[in-house]
Amino acid sequence: MLGPIALAALVVTVPGLAAALAGGIRFDVAIGLAPALSLGILAIADAAASFLGMQWGLPVIVVGTLAVAVLNAAVGLGCRRASHRWPHLLAPDLRTGRRLPWTNAVVLVLAMLGGAYVVAAGIGAPGAINQTFDAPFHVNAISIVAQTHSATPSTVSSASGGTAFYPPLFHAVAGLLVIVTGISPIVAANIVALVIAGVMWPLSIALLVSAVVGPSRFGFAVAMLGSVLISVFPVLLLLFGVLWPNALSISVVPAVIALIAMALGLVRSRRVPLPLVLVAGLVVMPGLYYAHPGAAFVVIAIAVPMVVAAEAALLARRLPSRQGRTRVLVLIALTVVAGVVFWRALDYVPGLASVRRFQWPAQASPSAALGEVLTLASPLNPDLWIYGLLVVLGVIAVARTRSWWLAGAHVLLAGLAILAIAYDTDLSQTLTGFWYNDPFRIMAPLAVTAVPLAAFGALAWRDSWANWLARHPVSGPEPVARVLRSQAAVASVVVGLIIVVLVPGTSGLGRISRALSGSYAGAGDQLVSDPERTLYESLASRAPANATIIGNPWSGEVYAGVLSGHRVVFGHMVVPASPERSLLAARFKDFTTDPAVCAAVKKLDIGIVVEDSHLFWADRDNRTRSYPGLTDLSGVPGLTPIGSGGTAKAWKVGACRS
């Protein structure tokens, strides 16, 4: 599996890294921007391939990379030539040095390995089946991308029988792995999940931490360890749903926030010329949209306090000048007007209205919701009280500094999460509807602000300890006293975090992996058991060529296609009704006697029917019983048994007259 994993990691980093370096962006920043820029390049390449009628594959990605790299190179060259005239806009601030400190590089690599380990251990095996509601749709969409060499939004949407837009980048990357390496769609999905946690998220969050927190190696180490241990992201989205596209999009949000902070002058040093920041933003936007639009609304939510902080700082600087003060006030007024217009315009965005109307019932009391937010936990993933405490300290520490916007963003996200978890009100629906009013989707972005805030909290605690030591000199032998004075804070935090990671029963890596395994082998309600999987895989040789498989999707039919290499009628648990599907769901058993049913069987090329006496979510969803025509198939005329496995059976569909 190392080859497909390496290919996936290269696809989500090399295009963006090449484009950033072509513009003259220094390596330590370029590597952090690489995943976000890569998603933008992949989105541009995907859209261009669709428009030009080209097949999805490595060639179109190479062309897209070269196009963005040339654009960045031209802009970077212009910046270097004109930097002497406008140094505050065109010349990067290099006060933090040009190289990534080797200690930070080691910590980053360890964080990447830790993130990959958590996901790999939770999944268990490359071909493990994700036993959650949405996973079959995503896997079937990957299969369709690989078969058609097309990764358009409509191609992905067709996996569930729909034609509307569906964000395609997760399926595009995974489908590319299937095309190039020949692995199964199930393995490809797991590999991309691994790369999200082990490559994209650590690189992106490292950029935000270094840009906002500054050059502190201690703060960077605390933050990067937190990026692995704080399980609200990415593990929460990988075990619930499963929300693979959401996880892909959130993984690059930290880099986008870093870009905005550089553009607004909210970082300690702007390490990218402003024109290159703007170009990067233009490239990243389609990437967020094609990965999952929900991430764009996360960026908007975090950007609100950022814009307020930038304009407040500008007003403070221009306050002595009447003319300058007036201009800033006009800018603030225009920003407010633009915000109101944007908010109203959202009511007219196609497809967004149905998302915002989706209502999840409240799941806990306000106090319990506050506890989840403070401990960075949910009913599905373990709490992390030690980092929750560091985040609270970080909020207090930055409240009166230039980075107060980070605390404001975290409080805003926390408030949205509490509304989604604990309240069924119009306000909750209005503010959280962009994420389906779903607590899990809203909890995940908390990690974006929690990780750097934990670094600020650890630094504040270390400084307080250092001040205490300065006021209370350590007595004893000088070598011992010197070590205690210089390393006490660092050593105590490191030892404490090692205990958190390693001691059983605490919030260690093993506990997080076990939570993730609850969506795979550890799932209490198995959509496809091992014996059923063996049956479906055997259909590759038993089913006629080009035969389509039908069955109640809640019985595991949704996975029968990718396991056997055949198409399925129902590629998701919920598929839009069509005359043929509705007829077959109700009366498939009559295909030898009813010409209309026979005509539908022939139109869809149905050659195999499967049935499983165990239905997924049978005790919680009445939709599982909406397929009477595909129930009790034993003894139905025209069906020839060809295999069984566990509680599942398969039949070959015979001839009929339409």
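When a residue number appears, it is its place in the shown sequence, counting from 1.
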In the structure I gave you, are the side-chain heavy atoms of Phe456 and Thr401 within less than 4.5 Å of one another anywhere? no

Gap between atom CG of Leu419 and atom OG1 of Thr430 - 0.5 Å precision: 10.0 Å

Would Ser378 and Asn381 count as having a side-chain donor-acceptor pair, cut-off 3.5 Å? yes

Validation row: Pro136, Leu527 side chains within 4.5 angstrom (heavy atoms): yes

So the salt bridge (Lys or Arg N to Asp or Glu O under 4.0 Å) pairs with at least one residue in residues 237-260 (sequence neighbours excluded) are none

Take the angle between the ring planes of Trp617 and Phe133 and call it parallel below 30°, perpendicular above 60°, tilted in between. parallel

Per-pair distances, 0.1 Å, donor-acceptor, side chain in residues 441-454, under 3.5 Å, sequence neighbours excluded:
residue, atom, partner, partner atom, Å
Arg441, NH1, Asp438, OD2, 2.6
Thr449, OG1, His410, ND1, 2.7
Thr449, OG1, Leu446, O, 3.2

Can you give me every donor-acceptor pair (side chain of residues 31-40, partner residue at least two apart or in another chain, under 3.5 Å) with its distance?
residue, atom, partner, partner atom, Å
Ser38, OG, Val12, O, 3.2
Ser38, OG, Thr13, O, 3.3
Ser38, OG, Gly16, N, 2.8
Ser38, OG, Ala34, O, 2.7

Would you list the pairs meeting salt bridge (Lys or Arg N to Asp or Glu O under 4.0 Å) in which at least one residue belongs to residues 345-366, sequence neighbours left out? Asp347-Arg356

Are the side chains of Val107 and Arg217 in touch, meaning some heavy atoms are under 4.5 Å apart? no

Do Trp343 and Phe434 make the cut of ring centroids closer than 6.0 angstrom? yes

Taking the side chain as every heavy atom from C-beta outward, state whether Asp525 and Phe616 have any atom pair closer than 4.5 Å. yes

Name the orientation class of the two ring planes belonging to Phe137 and His572 (parallel below 30°, tilted from 30 to 60°, perpendicular beyond 60°). tilted

Report the distance from atom OH of Tyr117 to atom CG of Leu110, rounding to the nearest 0.5 Å. 14.5 Å

Please tabulate, for side-chain N and O atoms in residues 193-211, each donor-acceptor pair with protein atoms closer than 3.5 Å (sequence neighbours left out).
residue, atom, partner, partner atom, Å
Trp201, NE1, Ser227, O, 3.1
Ser204, OG, Met200, O, 2.9
Ser204, OG, Ser251, O, 3.1
Ser210, OG, Ala206, O, 3.0
Ser210, OG, Leu207, O, 3.0

Around atom OH of Tyr520, are there more than 12 heavy atoms of other residues, nucleotides or ligands at under 6.0 Å? yes

Would you call Val299 and Leu288 a side-chain contact if the rule is heavy atoms closer than 4.5 Å? yes

More than 12 non-hydrogen atoms from neighbouring residues, nucleotides or ligands closer than 6.0 Å to CZ on Phe297, yes or no? yes

Return each pair, listed once, that meets ring-ring contact (aromatic ring centres under 6.0 Å, His included) where at least one residue sits in residues 234-260; pairs must be two or more places apart or across chains. His138-Trp244, Phe170-Trp244, Phe240-Trp360, Phe240-Phe440

Of the non-hydrogen atoms in Tyr289 and Pro167, which two are nearest, and what is the gap between them? O-CB, 4.0 Å

Minimum side-chain heavy-atom gap Asn437-Ser428 below 4.5 Å: yes

Side chain proximity check, His171 to Pro185, heavy atoms < 4.5 angstrom: no

Could you tell me if the side chain of Leu42 sits less than 4.5 Å from the side chain of Asp46, heavy atoms only? no

